[in-house]
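We use all heavy atoms of the structure for the numbers below, so side chains are in, but hydrogens, waters and symmetry mates are not. For ligands, and for the atoms within them, numbers begin at 1 and follow the listed sequence.
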Amino acid sequence: MTPKVNLLDFSREALAAFFAERGEKPFRARQTLRWIHQRLVDRIDAMSDLAKATRAALAIDTEIRAPAVVRDTTAADGTRKWLLDVGGANAIETVYIPEDDRGTLCISSQAGCALDCAFCSTGKQGFNRNLSSGEIIAQLWLANRALLADGVTAPWVEHGRHPITNVVMMGMGEPLANFDNVVTAMRLMLDDDAYGLSRRRVTLSTSGLVPWIDRLRAECPVALAVSLHAPNDALRDALVPINRKHPLSELLAACLRYIERAPRDFVTFEYVMLDGVNDTPAQARELVALVRDVPCKFNLIPFNPFPNTEFRTSPRRAILAFQSVLQDAGLVATIRKTRGEDIDAACGQLAGQVQDRTKRRWQRIHHAVTPS
Ligand code: SAH
Ligand code: SF4
């Protein structure tokens, strides 16, 4: 039996083409989009403004199929993590971070990651495959549904909006290495007939795939975060191996180009604080000089440990001293609050379950992350 077509996999355009092929009116696509992504239904049958015959025909060969939830854990601070089965013994993680004025969802883009950054639990697991656009958008669909079903309270929910108001592409994987599927899913996040999020409320974080930063700027300019982590190429080569292919000068130039089209007038630089590795005041000064020409904000991330890592988190006073150097130079630098630590949901702790197919030799993979 051929599996049913999964409607979560469709972009707006693909849905329109699908309905046209079946001889249905074009506006059916819009109606369906709204049922799935605005009203979050999981059954064709529930789409009550579609003719009964249309629904019956659709139900024969299509369905709304999200990955199964394997585990659903809530931390003491309200952070909630879902482990989702994406087949082939792979599982990915999605994290909800509640705050007073927003609900943020941290979404995964790949099962594992081939880029093998030294301090990242996902990277240490190796890489299995890209997630489909359906598997990416399903994380938002699932989280909104689960939170509504559990009676989440927030002022905007009372006004009929979805619980998730912000998305960060900062879960497992390098989103720009799965460009097409990530862009398809992000366009649904932005679509007024789907999730209707503004481009400022969708942030993509990349370790620095320079050619793809330019494509993102052209095709779907959302807010950009760049994982910097080091003030010079020698150290960044060791911490973020993709730097050997796209060094800092190229990366910073791409950031400058991006800002011309971006929904925000700055790039967020993420900087993980590793004890004795990249956290001295001298390195902070080197960083200030490095980013001199780029409108940016810094987000300092205390390193989140995971089993068998050689790194330690910088002591609080080192992080504060580092922050002061940046601030004294006129830069905005915040320290990221660690959330969901007790359920291993903090940045870089997401491990899921990955059947590594790369033996972590990112050098062999890197051609796969270069656009043709
Ligand atoms: N692949 C993308 C997005 C996912 S990682 C990227 O690298 O940007 C999201 C952020 O968490 C990145 O800035 C990443 O460097 C950081 N991170 C990875 N491992 C971490 C850890 N153990 N502790 C703190 N932050 C970590
Ligand atoms: Fe991949 Fe990002 Fe982890 Fe690096 S930090 S291994 S790019 S997920």
Side-chain angles (χ1 to χ4, degrees), residues 92-95 97 104-128 130-131 136 139 167-179 182 202-210 212-213 216 222-230 236-246 251 255 267-275 277-279 297-314 319 334-341 344-352 354 356 358 360-362 365-366 368-369:
I92 53 137
E93 296 183 323
T94 307
V95 179
I97 305 135
T104 303
L105 194 68
C106 178
I107 288 185
S108 293
S109 56
Q110 301 183 307
C113 183
L115 299 185
D116 201 18
C117 298
F119 49 81
C120 174
S121 171
T122 303
K124 292 295 139 207
Q125 297 238 316
F127 174 74
N128 187 276
N130 283 332
L131 299 184
I136 298 168
Q139 297 172 58
V167 168
V168 292
M169 299 300 302
M170 293 186 186
M172 296 169 67
E174 167 51 54
L176 292 186
N178 183 13
F179 187 85
V182 164
V202 177
T203 301
L204 182 143
S205 172
T206 179
S207 56
L209 302 193
V210 168
W212 295 104
I213 293 177
L216 188 70
V222 293
L224 183 69
V226 171
S227 296
L228 213 51
H229 306 321
R236 196 163 190 271
D237 280 352
L239 295 177
V240 184
I242 195 71
N243 194 68
R244 297 174 212 160
K245 190 166 167 60
H246 301 299
L251 178 58
C255 291
V267 170
T268 302
F269 286 130
E270 296 159 281
Y271 196 98
V272 61
M273 301 299 299
L274 304 167
D275 184 23
V277 175
N278 66 353
D279 64 347
K297 291 187 181 175
F298 272 87
N299 202 211
L300 305 177
I301 316 175
F303 170 66
N304 293 307
F306 52 89
N308 300 321
T309 176
E310 72 257 43
F311 296 105
R312 287 180 316 265
T313 312
S314 302
I319 300 178
T334 51
I335 300 171
R336 189 175 292 175
K337 250 201 307 192
T338 296
R339 299 289 305 259
E341 219 173 358
D344 285 347
C347 300
Q349 287 184 322
L350 303 188
V354 176
D356 181 30
T358 67
R360 291 205 301 274
R361 280 183 222 119
W362 76 276
I365 308 297
H366 77 273
V369 297

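Remark: ligand 2 atoms within the under-4.0 Å shell around heavy atoms of G123 are 6 (S). Annotation for ligand 1: atoms under 4.0 Å from non-hydrogen atoms of G171 are 4 (C). The M170 neighbourhood of ligand 1 comprises atoms 4 (C), 5 (S), 9 (C), with distances under 4.0 Å to a heavy atom of that residue. Annotation for ligand 1: atoms under 4.0 Å from non-hydrogen atoms of H229 are 13 (O), 14 (C), 15 (O). Counting atoms of ligand 2 from 1 in the listed order, those under 4.0 Å from a heavy atom of S207 are 7 (S). Within ligand 1, the atoms closer than 4.0 Å to a non-hydrogen atom of C120 are 18 (C), 19 (N), numbered from 1 in the order shown. Residue D116 has at least one heavy-atom neighbour below 4.0 Å for each of these atoms of ligand 2: 6 (S).
Counting protein heavy atoms only, atom 1 (Fe) of ligand 2 is closest to C113 SG, 2.3 Å. Looking only at protein heavy atoms, the nearest one to atom 8 (S) of ligand 2 is G173 O, 3.7 Å.
Using a 4.0 Å cut-off between heavy atoms, T206 contacts ligand 1 through its backbone alone, with no side-chain atom that close. Heavy atoms from both the backbone and the side chain of E174 come within less than 4.0 Å of ligand 1. With a heavy-atom cut-off of 4.0 Å, C117 touches ligand 2 through backbone and side chain alike. Residue-level proximity to ligand 2 for V240 is absent, since no heavy atom of it falls below 4.0 angstrom. Counting heavy atoms closer than 4.0 Å to ligand 1, residue I301 contributes side-chain atoms (C-beta onward) but none from N, CA, C or O. Contact annotation: for M172 versus ligand 1, there are no heavy atoms closer than 4.0 Å.
The minimum heavy-atom distance linking I242 with L115 is given by the pair CD1-CD2, 4.1 Å. Among all heavy-atom pairs drawn from P302 and T313, the shortest one is CB-CG2, 4.0 Å.
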- [ ] Start with the C-alpha distance between T203 and T268, add both sets of side-chain angles, then the distance that settles side-chain contact (heavy atoms from CB on, under 4.5 Å), and finish with yes or no.
- [x] CA-CA 10 Å; T203 301; T268 302; 5.9 Å; no
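In terms of N/O distances under 3.5 Å, ligand 1 is not approached by V272. In terms of polar-atom proximity, R336 is not counted as a contact of ligand 1, lacking any N or O under 3.5 Å from an N or O of the ligand. For ligand 1, none of its N or O atoms has an N or O atom of S121 under 3.5 Å away.
At least one heavy atom of G173 sits closer than 4.0 Å to an atom of ligand 1. Assignment of S227 to the shell around ligand 2 is not supported, since no heavy atom sits closer than 4.0 Å.
Side-chain atoms of E174 and T206 include a donor-acceptor pair closer than 3.5 Å.
Residues S205 and P175 have side chains not in contact (no heavy-atom distance under 4.5 Å, counting atoms from C-beta outward). Side-chain contact between V182 and L176 is absent, with no heavy atoms from C-beta onward closer than 4.5 Å.
Side-chain atoms of H246 never come within 3.5 Å of backbone atoms of L209 as a donor-acceptor pair (strictly under, hydrogens ignored). Of the possible donor and acceptor atoms, none in the side chain of Q110 sits under 3.5 Å from a partner among the backbone N and O of F127. No donor-acceptor pair closer than 3.5 Å links the side chain of N243 to the backbone N or O of R236. Of the possible donor and acceptor atoms, one in the side chain of S108 sits under 3.5 Å from a partner among the backbone N and O of M172. For N278 (side chain) and H229 (main-chain N/O), a donor-acceptor pair under 3.5 Å exists by modelled atom type.
A side chain to side chain contact (heavy atoms under 4.5 Å, CB included) with M169 holds for exactly one of V222, I136, N178; it is I136.
Distances from atom 3 (C) of ligand 1 to the heavy atoms of A177, C106, S205 put S205 nearest. Among G208, G112, C120, P241, the residue whose heavy atom lies nearest to atom 5 (S) of ligand 2 is C120.
The aromatic rings of F311 and F303 stand perpendicular to each other, their planes meeting at an angle above 60°, with 30° marking the opposite boundary.
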